[in-house]
Protein chains: 2
Amino acid sequence: MATLRDVAELANVSVTTASRVLNGADESHPVSSRVRASVVSAAATLGYRRSAAGRALKNGHNNLIGVVASDILDPYFAEMIRGIEIAAAECGYVTVLANANRDPYQERTKFQVLREHGASGIVFCGSDIEGSPGTADLAREVNRAVGEGTRVVSLAPRGFVSTQIVVDNEATAYSLTKHMLGLGYRDIVFAGGLPGLTAAELRIQGYQRAMYEFDQLPRVVGRDGMSQKTGREATQQLLRVPNTPDSIICTNDETAIGSLAAIWQAGLRIPDDIAIAGIGGTATGRVFDLTTIELPLAELGRLAVEYIVRKSDAPPTAPACTLREGRTTQAVRDPV
Amino acid sequence: MATLRDVAELANVSVTTASRVLNGADESHPVSSRVRASVVSAAATLGYRRSAAGRALKNGHNNLIGVVASDILDPYFAEMIRGIEIAAAECGYVTVLANANRDPYQERTKFQVLREHGASGIVFCGSDIEGSPGTADLAREVNRAVGEGTRVVSLAPRGFVSTQIVVDNEATAYSLTKHMLGLGYRDIVFAGGLPGLTAAELRIQGYQRAMYEFDQLPRVVGRDGMSQKTGREATQQLLRVPNTPDSIICTNDETAIGSLAAIWQAGLRIPDDIAIAGIGGTATGRVFDLTTIELPLAELGRLAVEYIVRKSDAPPTAPACTLREGRTTQAVRDPV
DNA sequence: TTGTACGCGTTATCAT
DNA sequence: ATGATAACGCGTACAA
């Protein structure tokens, strides 16, 4: 890699001048257009690229934004990451991705590595599991980082203290359940989740609150995952026994997609035989015309980046969620 | 951030010693266990983390692997990225993600940024569009980088010269089409693609070759995308006019999922009324029991990382693809 | 308008 | 077994 010095030598100027030409948005140090041109041309012929390492060492900070994602394959998080990456690129920042595979230990390790690389801010995409081992360790690390000026943002509820830009999970599930009840559904089952996973638990609570208000008995199944597979298996289970519900609210769109797959494969019709709703608003949900709560996932990512880059601002609040009525639910004429 | 010097001072040793204790896998420089302990304890109390910037500056290289992805939301690429990230983490490397949004200009810009950050290697996830503007620019940049020792790997066919770890797209589509013909399907339509997108064009060619060999007329629709939306819209179009085919081969699993959505929503049965097959082997495909060619996507990512990290090896070759017979196709008793 | 010189955190080399 | 020092590439305060 050609260095600034190489460029300066080829252009017959000092490194200072070369630096000013190539990086200086600095108006206080004008450079003659002749010198400027020769530096630019030298840089071009040498294929000069500034060294992020040297720059970071000098400035004490890096244009890096770290991401600790629970699962990059889940469109829910992928959408957030995409929002982060786009906003970061617009601000001249680079996104460093670390996939934690839903493992608290990996989260801690990767958080540390991101810090070693001098990330200006670190964003957590994904909730945590209450009381899981390693949680305390992670909390300590996060505290230290925040104390040293690193901006830490969580885009899902988290046990450690950090800036949170989080949708109201309880309220989304509550309002979605109310909506389903309003359509006339009564025997509504909630599918998906993980014991202790905060975001999931909050959604279950919202669902339960709405059901109790309506004097209906809540029923939660498939509390062993947040994936399409979870939705599929939980639904197959439901269809195998009596008491098939009239509708299923899924913990997220992924689970709902799995549920759709199971129902279609069983030869039933949606929404006539059984209705499905999800939470998320991901692209696959739209393709299936899924009734869901649209969460501003990419927007959350963008807000996180803005909070990190414009260091003075107060933490932003998450924008509102909106219900999207698809074709996997309908008004029920004859509530049982 | 506490520096090595801080640690050394607290432990009353020189920075050299501190460095040796904290980073030295160096057996040739033993350290007394007493000193070692005091350094370790000092580092712990200060929360010392080594600086990647300083280290990169000194070593001249970074433990970074850059990824230029066409679309992180596409599970096809997300799976590759996941493979990269896991393998990289195992080798002590960090993954830097750049999403190019299928734009050649963004690819070039982000490639350069990745180089600025001293990435040891850069992986391209996604094919390119032949003759698109910016392609030549990118090729020049890549050449320069390779000449300077950066390892560049493409996990899809690419116009520029680089190490390629690529599945045989023509062959996969050919063998899948042969399989469908063998099942008894005759009026097989191919859906999806983008004009000039090399990987997509190769799949179309493989499909056409198989059809011609069987004296069947190939028919390609929806050549305006690679997404679920593409598959859905192309299929809706097909169902709207006469000459409904007996089966659809989709350019990838995503397109196939969209196709499934359209067919189910139209009230038709799969595979009885119409059969669907995809290419990819992604998780969503499995949930829908999609007949597909399983490509070793995560494995490609892993191979790319190994090639980058173990700098001496010859470029690895892509592992084989395997047909997975799902429930979206079946043997046809009565070929028309 | 342009140049000189220093220091950021780390490690390799050489010295003790 | 431990320490002093130089150098990596960059940006900037200061000098000219």
Side-chain angles (χ1 to χ4, degrees), chain A residues 1-40 42-43 46-64 92 115-120 148-149, chain B residues 1-40 42-43 46-64 92 115-120 148-149:
Chain A
M1 281 283 279
T3 101
L4 194 55
R5 203 175 150 141
D6 300 331
V7 175
E9 279 178 12
L10 181 58
N12 272 316
V13 298
S14 73
V15 287
T16 312
T17 305
S19 173
R20 282 206 270 260
V21 171
L22 296 173
N23 297 301
D26 194 348
E27 294 301 319
S28 66
H29 281 276
V31 184
S32 79
S33 62
R34 206 174 47 77
V35 170
R36 172 177 297 275
S38 93
V39 169
V40 168
L46 262 49
Y48 168 77
R49 296 263 99 206
R50 63 197 183 185
S51 150
R55 173 177 274 244
L57 201 50
K58 180 65 189 164
N59 298 346
H61 64 93
N62 230 337
N63 55 336
L64 291 180
R115 244 157 66 72
E116 286 181 7
H117 281 269
S120 307
E148 287 172 3
Chain B
M1 282 281 281
T3 98
L4 196 54
R5 206 176 147 134
D6 301 331
V7 175
E9 279 176 13
L10 181 58
N12 273 316
V13 298
S14 71
V15 286
T16 311
T17 304
S19 173
R20 284 206 270 259
V21 170
L22 296 172
N23 295 300
D26 195 350
E27 294 301 320
S28 66
H29 281 276
V31 183
S32 78
S33 61
R34 206 174 48 77
V35 170
R36 171 175 298 273
S38 94
V39 169
V40 167
L46 262 50
Y48 168 78
R49 295 263 101 203
R50 63 194 182 188
S51 151
R55 177 176 270 244
L57 196 54
K58 179 64 187 164
N59 296 346
H61 64 92
N62 230 336
N63 56 335
L64 291 179
R115 243 155 68 70
E116 285 180 8
H117 282 270
S120 307
E148 286 172 3

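Not measured: the values here are computed from a predicted model. Numbers restart at 1 for each chain; the letters A, B, ... are given by sequence-line order, proteins then strands. The basis for the numbers below is simple: all heavy atoms, side chains too, and nothing from hydrogens, waters or symmetry mates.
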Q. Considering only side-chain heavy atoms of B:Tyr48, which listed nucleotide, C:dG9, D:dC10, C:dT10, is closest?
A. C:dT10
Q | Nucleotide nearest A:Ser19 (side chain, heavy atoms from C-beta), chosen from C:dT11, D:dG3, D:dT12 | A | D:dT12
Q | Heavy-atom closest pair, residues A:His117 and A:Leu64 | A | O-CD1, 3.2 Å
Q) Tell me: CG of A:Asn62 to C1' of C:dG9, nearest whole Å? A) 13 Å
Q: May I ask you to evaluate whether B:Arg55 reaches the phosphate of C:dT11, defined as a side-chain N or O under 4.0 Å from OP1 or OP2?
A: yes
Nucleotide N/O to protein N/O under 3.5 Å, stretch nucleotides 14-16 of chain C:
none

Q. If you pin A:Ala53 and B:Arg34 to their nearest nucleotides in DNA chain D, which one's is more 5'?
A. B:Arg34
Q: May I ask you to say what A:Leu4 touches in the nucleic acid, namely base, sugar-phosphate or nothing, with a heavy-atom cut-off under 4.0 Å?
A: sugar-phosphate
**Q.** Nearest-angstrom distance from the residue atom NE2 of B:His61 to P of D:dA7
**A.** 20 Å
Q. Between D:dG11, C:dT10, D:dG9, which one does the side chain of A:Asn59 approach most closely?
A. D:dG11
Q.
Rounding to 10°, can you tell me the angle the first-five-pair axis of the helix from C:dT1-D:dA16 to C:dT16-D:dA1 makes with its last-five-pair axis?
A. 40°
Q | Heavy-atom closest pair, residues B:Leu22 and B:Ala43 | A | CD2-CB, 3.9 Å
Q: Using a cut-off of strictly less than 4.0 Å, decide whether A:Ser32 has a side-chain nitrogen or oxygen near OP1 or OP2 of C:dT1.
A: no
Q.
Using the side-chain heavy atoms of A:Ser14, tell me which of these nucleotides is nearest: C:dT10, C:dT4, D:dG9.
A. C:dT4
Q. Quick one: which of D:dG9, D:dC10, D:dT5 gets closest to the side chain of A:Leu57?
A. D:dG9
Q | Nearest heavy-atom neighbours spanning A:Asn23 and A:Arg55 | A | OD1-NH2, 2.9 Å
Q: Check whether any side-chain nitrogen or oxygen of B:Asn23 sits under 4.0 Å from OP1 or OP2 of C:dT11, and answer yes or no.
A: yes
Q) Has the side chain of B:Lys58 got a donor or acceptor atom sitting under 3.5 Å from an opposite partner on the base of C:dT11? A) yes
Q.
Whole angstroms only, please: what is the CG-P distance between A:Asn12 and C:dT2?
A. 13 Å
Q. When you match B:Val35 and A:Arg5 each to their closest nucleotide on DNA chain D, which lands nearer the 5' end?
A. B:Val35
Q) Is B:Thr16 near enough to C:dT11 that one of its side-chain N or O atoms lies under 4.0 angstrom from OP1 or OP2? A) no
